[in-house]
**Student:** 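The following block contains the structure, expressed as structure tokens.
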Amino acid sequence: MTFLPKTAEYVERSERRSAHNYHPLPVVVERAEGAWVTDVDGRRLLDCLAGYSSLNFGHGNPAILAAAREQLDRLTLTSRAFLHDRFADFCAALGDLTGKDMVLPMNTGAEAVESAIKVARKWGYEVKGVPADMATILVAENNFHGRTTTIVGFSTDPDARGGFGPFAPGFRVVKYGSADAIRDAIDDTTVAVLIEPIQGEAGVLVPPDGYLTQVREICSQRGVLMMADEIQSGLGRTGDTFACDHEGVVPDVYILGKALGGGVVPVSAIAADAGVLGVLKPGQHGSTFGGNPLACAVGIAVVDLLSTGEFQRRARELGAVLHERLRGLAGQGVTAVRGRGLWAGVDIDPALATGRQISEALLARGVLVKDTHGSTIRIGPPLVISEEDLHWAVDRLAEALSDLR
Ligand SMILES: *Cc1c(COP(=O)(O)O)cnc(C)c1O
């Protein structure tokens with residue numbers, strides 16, 4: 001890649017003093033609005049990653065910024081030692097959106113997943129009657145639930161877990177997309193099944209139709225909590241509020257993050273009924289920043305935006321356009337297209353290019369995407385993207401592919 005002058009200098013400076021746990025594309029973003037960003041060399045680029053769904057409502061969404069600004073001027077932090085005047089409203093808003101009794105606010109996605117794991121275990125001992133320290137949780141192959149030591153301990157990605165052991169016991173990995181695998185793996189110690197309704201990091205893998213319904217049925221029959229990690233799939237991305245809605249499935253525990261922070265602050269949460277989340281008593285779990293006033297103000301604005309259904313509709317309609325256009329690239333360097341709503345995993349013929357090379361070719365043409373697992377690129381622009389811009393992005397992909405062929 002040829003680097004523009006300012007970009008080259010910023011990349012060099014970043015690499016010198018930061019840990020190298022990422023390999024970012026050589027672009028240095030300076031400002032953004034809606035679906036478009038501007039870099040330090042003045043290039044305008046169409047953001048087709050949207051912070052892995054953190055920016056569902058677009059960069060600088062006016063309603064979210066207004067809520068954040070109002071809150072910034074008034075009150076930003078109390079810690080959970082005291083209540084504040086946005087806390088109850090946030091919990092009620094998210095409780096209504098999920099249809100659940102209770103909400104536990106945290107900050108990052110991984111913390112929400114950790115919270116769900118803790119709640120499931122405690123529920124298992126106190127409600128289900130699993131013998132102390134025997135609880136097991138079923139997870140799926142190719143899962144991505146975050147980066148803490150407990151979570152990477154049940155990852156099946158060698159890069160994610162290699163060198164970070166010893167790992168916490170109590171997890172069993174089953175094949176993703178197979179309800180039979182879950183049925184067979186459940187035993188008396190199983191307290192929960194933790195799955196992504198669509199596996200994002202794995203390459204936007206959509207399970208077979210009926211999978212979520214069957215998992216729901218099995219969990220209900222066997223007295224096991226169904227915990228849906230909707231951190232990336234939820235809050236409008238797939239054309240519904242939650243990816244589980246596609247099958248009309250309601251999990252026992254929703255795990256949310258990313259877009260819940262409106263692209264402004266990290267906001268995550270789990271939502272569940274009182275019979276589940278009620279197992280936590282004072283002192284048993286917490287977070288200094290979880291449910292802070294700024295996070296709650298932003299979270300309320302996000303839930304508000306979702307209440308009209310406009311963003312879900314946009315994801316559905318623009319998603320249909322995106323998937324039709326991408327399917328049209330089959331045989332032209334594209335070997336498979338997966339996804340739902342405004343979210344696609346596109347497999348590139350490895351003989352043609354790696355996902356990284358396609359991402360770099362798209363960057364040179366003004367489109368930001370991210371590769372995953374070698375030969376896949378992910379496309380998930382902010383839901384505010386215009387149809388015209390979406391076509392423009394796919395045209396750039398077609399161009400990049402045809403230049404390589
Ligand atoms: C991003 C993500 C996480 C982790 O969220 P962080 O905020 O990065 O900790 C967990 N699960 C899924 C499905 C995700 O996409």
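Whatever order the structure lists them in is the order used to number ligands and atoms, beginning at 1.
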**Student:** With side chain to side chain contact (heavy atoms under 4.5 Å, CB included) as the test, pick out the partner of Leu362 among Leu25, Ile377, Leu368.
**Tutor:** Ile377
**Student:** Would you call the rings of Phe154 and His145 parallel, tilted or perpendicular if under 30° counts as parallel and over 60° as perpendicular?
**Tutor:**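 Judged by the thresholds at 30° and 60°, the geometry between Phe154 and His145 is tilted.
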**Student:** Going by side-chain contact (heavy atoms from CB on, under 4.5 Å), name the residues that satisfy it together with Ala50, two or more places apart in sequence or in a different chain.
**Tutor:** Leu55, Arg237, Pro382
**Student:** Does atom 9 (O) of ligand 1 have a protein non-hydrogen atom under 4.0 Å from it?
**Tutor:**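 It does: a protein heavy atom is found less than 4.0 Å away from atom 9 (O) of ligand 1.
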**Student:** Holding to side-chain contact (heavy atoms from CB on, under 4.5 Å), I want the full list of residues that pass it with His323, two or more places apart in sequence or in another chain.
**Tutor:**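 His323 satisfies side-chain contact (heavy atoms from CB on, under 4.5 Å) with Arg327, Val337, Ala344 only.
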**Student:** Which residue is it: Thr241, Asp240, Leu235? I am looking for the one with a side chain to side chain contact (heavy atoms under 4.5 Å, CB included) to Thr238.
**Tutor:**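 Of all the options given, the one that passes is Asp240.
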**Student:** Write out the residue and atom name of the closest protein heavy atom to atom 6 (P) of ligand 1, then the distance separating them to 0.1 Å.
**Tutor:** Gly109 N, 3.4 Å
**Student:** Whether Arg356 and Glu360 form a salt bridge (side-chain N of Lys/Arg under 4.0 Å from carboxylate O of Asp/Glu) is what I want to check.
**Tutor:** yes
**Student:** Determine whether the side chain, the backbone, both or neither of Thr108 has a heavy atom under 4.0 Å from any heavy atom of ligand 1.
**Tutor:** both
**Student:** Heavy-atom contacts under 4.0 Å between Phe144 and ligand 1: side chain, backbone, both, or neither?
**Tutor:** both
**Student:** Kindly confirm or rule out an N or O of Val113 lying under 3.5 angstrom from an N or O of ligand 1.
**Tutor:**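 No; every N/O pair is 3.5 Å or more apart.
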**Student:** Counting heavy atoms only, which part of Lys258 comes closer than 4.0 Å to ligand 1: side chain, backbone, both or neither?
**Tutor:**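 Side chain only.
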**Student:** Quick check on contacts: which atoms of ligand 1 are under 4.0 angstrom from a heavy atom of Asp229?
**Tutor:**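 Heavy-atom distances to Asp229 below 4.0 Å select 10 (C), 11 (N), 12 (C), 13 (C).
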**Student:** Heavy atoms only, cut-off 4.0 Å: how does Glu196 contact ligand 1, side chain, backbone, both, or neither?
**Tutor:**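 Contact part for Glu196 vs ligand 1: side chain (C-beta onward).
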**Student:** Report, in ascending order of atom number, the atoms of ligand 1 lying under 4.0 Å from any heavy atom of Ala110.
**Tutor:**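 In order of numbering, the contacting atoms are 4 (C), 5 (O), 6 (P), 9 (O).
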**Student:** Is there at least one pair of N or O atoms, one from Gln232 and one from ligand 1, spaced under 3.5 Å apart?
**Tutor:** yes
**Student:** For Trp392, does the six-membered ring have the charged nitrogen or CZ of Arg396 within the cation-pi criterion, i.e. under 6.0 angstrom from the centroid and within 45° of the normal?
**Tutor:** yes
